Amino acid sequence: TIAAEMTSEEAHLPVRSRLQALFNRYLRTKDACSESGDWSAYAGLFAESGLVDHHGFGKFHGRDQIRRYISDSIAPFGTMFFTVDWIAFD
C-alpha cells in the first residue's frame, strides 16, 4: 500500500496523469535512496496501514515494520535496481 499525497498541481490532473505522476515520484524516490543509502524516504512512501507481502521475507504491516524490513533487506545491498518495461493503470 503506497501512501500518495499529491501536490496541488497533481490534484488537478486527469486520473491517468495523476497515477503516472505518483509512479514517477516512486521511481525518483527509489533512485535517490539508492544513491544516498538512506531508505527513510522510501519507507515513507507507504501508508501507516501499509502492507508488504514479500514471498521470501514474509508480511510486514504498517510503516514501522516496513521501514525495518527495508533496512534489513534492501539497505545492505545499497541499491534497488529494476527496469520498467510496461505499466498498466486500471
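Keep in mind it's a predicted model, so treat the numbers as computed, not measured. Each residue takes its place number in the sequence, starting with 1. The basis for the numbers below is simple: all heavy atoms, side chains too, and nothing from hydrogens, waters or symmetry mates.
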Considering residues at least two apart in sequence or located in another chain, which fulfil the side-chain contact (heavy atoms from CB on, under 4.5 Å) criterion with [X]?
X: Val15; answer: Arg18, Leu19
X: Ser36; answer: Asp38
X: Ala41; answer: Thr29, Cys33
X: Ser17; answer: Leu13, Pro14

Would a 4.5 Å heavy-atom cut-off, applied to side chains only, mark Gln20 and Ile87 as touching?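 Yes, their side chains come closer than 4.5 Å.
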Heavy-atom side-chain contact between Lys59 and Leu51 under 4.5 Å: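 Touching, per the 4.5 Å side-chain cut-off.
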Donor-acceptor pairs under 3.5 Å, side chain of residues 71-84 to any protein atom, not counting sequence neighbours: which ones?
from  : atom 1 : to    : atom 2 : distance (Å)
Ser71 : OG     : Arg67 : O      : 3.1
Ser73 : OG     : Tyr69 : O      : 2.7
Thr79 : OG1    : Ser34 : OG     : 3.3

My understanding is that only residues two or more places apart in sequence, or in another chain, count here; which of them pass side-chain hydrogen bond (donor to acceptor under 3.5 Å, both in side chains) with Tyr42?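 In terms of side-chain hydrogen bond (donor to acceptor under 3.5 Å, both in side chains), with neighbours along the sequence ignored, Tyr42 is linked to Tyr26.
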Under the rule for side-chain hydrogen bond (donor to acceptor under 3.5 Å, both in side chains), what residues qualify as partners of Asp53, not counting sequence neighbours?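 With sequence neighbours excluded, Asp53 shows a side-chain hydrogen bond (donor to acceptor under 3.5 Å, both in side chains) to no residue whatsoever.
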Rounded to the nearest 0.5 Å, what separates atom CZ in Arg63 from atom CZ in Arg68? 13.5 Å
Can you tell me how far apart CH2 (Trp39) and CD1 (Ile70) are? Round to the nearest 0.5 Å.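 Answer rounded to 0.5 Å: 8.0 Å.
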